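For reference, the structure discussed in these notes is given below.
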Amino acid sequence: MSLLPEPREFREEYEDDEKLAAELPNRPITSLRDLQYVYGRLYTLATAGGGEYAAYLTPEQSTDLFDEPESLLSLRVDLSGEEPTLDSDQPVAVERYGKEKVEAVAHAWFNAAAGFDHSVTHRTGKNKEPEKVSEYLHERLTAWAADEVIRDAALDHEDGWIVEALAALGEQEGLRDRIEAGVGEQLDGKTTALTTVAVKLEPDGEYRLPGEASPVFNEAMRARKRSKLVSKGEATNSVGEATDLVTGQRGPTVGTAEDPLNYFLGKQLEKFPGFDPDEAWRTHPVSEDVAVTLMNASTFVDACDYYTMGANVYYLPYFFGRLGPDDARDLYQLLYDLVHEDDMTPVESAYRSYRNAPRLREIGERFRFYVAAVMEHQTKRFDVFGDSMDGTLFSPVELARAHERVLRSWLYDAEGGADLPDPRLRAAFPTPDNWDVFVPDENALLGTLATGWYFEQTFDAADDDDASADDYRIRALVAVLSGEPLDAETVLAEYVDRLLNDESEGFPGFRVAAQYAQLCALATEGLLTGRDAYTAVAEPPQLTDEQSTTMQQDTPARADGGNVAAARETKLEQFLERTPALSEDQPERRGSFLLGALVGQVTGYQQVSEGRSTTLIDQYPIKAVTESKLKRLASDVLDKNVVYSRENNMAGTMYREVVDRLVTTLPRIDIDGDWTLDTTDLRFYYSLGVAYGMNNWASSDDDEQADDRSAAEEEDA
């Protein structure tokens, strides 16, 4: 059962702007700790209210007990006389625990295998016998009230005598037997319950639970909690006077607070060379109250992560600037949705809210995400692979939209309807139906992107299942979610490495098509940057048809009468002119692509017309292509194309539009002298050419060859 009230209820509870503003930080969110504090504050307000001790209470640990019979047992202690005594008529009371009793019971759970909860209220194990329940009740006096930290805290409080009286009662002989008898009268059998005390302070007063009886119970509970915040792990007493990094107030700060994001842990000595756990309060100074509030952020923080590529990627939403009451209510709505929706990433959930809420649309520029990838590589030890406070909702959404536009353009024509250069030919690249990166749907693509699958499909996989700092897929994901551009040279290297690993399954044409669609989308959104030779790679392709119309009008009609060939000519010319990386002033890359295109075209011919299982791409796979082999490879492929042309009695050569450009481009390449194109660059664009060529086959190609044969026969006659 979730304790979180529905957003409507939260708004009703905190409809007073002034009241809610008083609970929020008085300065903008500028760090992860600020953000965690806001999350913890909202969680506390929603579950335990805004009282002084609310952040310490842990009602979420016992929601399973709500409204269960025999779920709350209290030892009734009469402190109104000279000596503390158990109530003679009913020493043990049994009742149902419920949400309305959270503040009165004041339970502060402590996750320890041995020991007791911070509060005088303690949760039993599951289904305990009455004898064990009696032991828990007895320990409220002999363990909790007698604890050194508890008693020291009581000494400083005006009601400290209550704790002393409870401890004194615990020393009485025969007390355990009387408690067992009292429990036996009340319980029918086994139970799981909260065990606590109820005290009567006046002779004619009522027995009251800890949160109702006196603040000394909560003060003592807080003191015990503090002792765990300064002495965890190797630290013995990490506390000192410093300025709290969240509130800015000077006072006692604790050094071993837990971190919901595992970013800062006292055990991570390797991350902080020379780190002294006892001095942690200097390097990470937070007050006791702030530390507890940060810990309360766990529910919301955990709801904002998803596991991918061996790491947890956190995507924590917030509003840039100082958080106002309306922002706080909206943020609670977003976090509440994430807690209750397991099948949606934070990006998708936030976008749904953003899209449907006019007010959020208006202030969308203020909407930010903290983004980080965290991997647990040992128990309680974590690596953080990059983080950013400046993630935006617009970056992944706009990238998804750009990818959709690419898929719907003449380059891919997913679902038809694109303005293709010629309707008889396929689009430049295929769009297989069973691959979600080719689905032209904004929401689907946003999900693919947010889960990391977007890069898992196109980048090289890591060596093992564990994430590492060298895994560029994770770095790319965090960068794109943050709106940071990727390096074009590195992206091409990732692409080629993935293709080389895929080659054992044949030429990965669909993979290349997916990579190029991604490359185009990244470039379109300015998420690709390149230096020197890679500047053109980072430039977006032309997707509109304005240039196409002009270009087609300027393209002269072919003299050989080959209609299909003319259509391919138009298509290739359009592709080259609209792709900056393949412009005429990039002869090395252009030549690599054209060679690949010819290999792909001939391969398609071999597969379709000759039914061959071993094709040209099998002879010249990606890994065989290097700058030193390029011209010899081109010569072999051109010769093969001539052979097929003669076998078909064609007057010219097959795929003349490619051949003509290839033979005019290659002489411009000085392979033995000033070759500058990196092998990775060469291989990617060779692969792109192959994918283009293999998808360029049309059913009317046979007609083209027949037409060409007729033309040759007429010339011979």
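The shown structure was predicted, so the numbers you read here are calculated from the model rather than taken from an experiment.
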Might you point out which heavy atoms bring [X] and [Y] nearest each other, and give the distance in Å?
| X | Y | value |
| --- | --- | --- |
| L407 | V437 | CD1-O, 3.5 Å |
| R656 | G652 | NH2-CA, 3.1 Å |
| L598 | Y655 | CD1-CB, 4.1 Å |
| V313 | T308 | CG2-CG2, 3.6 Å |
| E494 | D460 | OE1-N, 3.2 Å |

Strictly below 4.0 Å, N to O, side chains only: are [X] and [Y] in salt-bridge contact?
| X | Y | value |
| --- | --- | --- |
| E398 | R401 | yes |
| R498 | E456 | no |
| R352 | E341 | yes |
| R661 | E573 | yes |

Ring center gap for F575 and F593 short of 6.0 angstrom: yes
Ring-ring centroid check Y318 F369, cutoff 6.0 Å: no
F429 and Y516 aromatic ring geometry - parallel, tilted or perpendicular at 30°/60° bounds: tilted
D413 side chain to G417 backbone, donor-acceptor under 3.5 Å: yes
Side-chain donor or acceptor of Q518 paired with backbone N/O of Y454 under 3.5 Å: yes
Residues in salt bridge (Lys or Arg N to Asp or Glu O under 4.0 Å) contact with R589, at least two apart in sequence or another chain: D681
[Y] and [X] side chains, donor-acceptor separation under 3.5 Å:
| X | Y | result |
| --- | --- | --- |
| D390 | S388 | no |
| Q606 | Y644 | yes |
| E588 | T676 | yes |
| E442 | Y351 | yes |
| Y472 | D497 | no |

Are any of the side-chain heavy atoms of [X] and [Y] separated by less than 4.5 Å?
| X | Y | result |
| --- | --- | --- |
| V690 | T603 | no |
| E627 | L630 | no |
| F319 | D330 | yes |

Quiz item: cation-pi between R473 and F455, 6.0 Å / 45°: no
Y620 six-ring face occupied by K629 cation (under 6.0 Å, within 45°): no
Non-neighbouring partners of Y495 that pass ring pair (Phe, Tyr, Trp, His ring centres under 6.0 Å), sequence neighbours left out: F459, F684
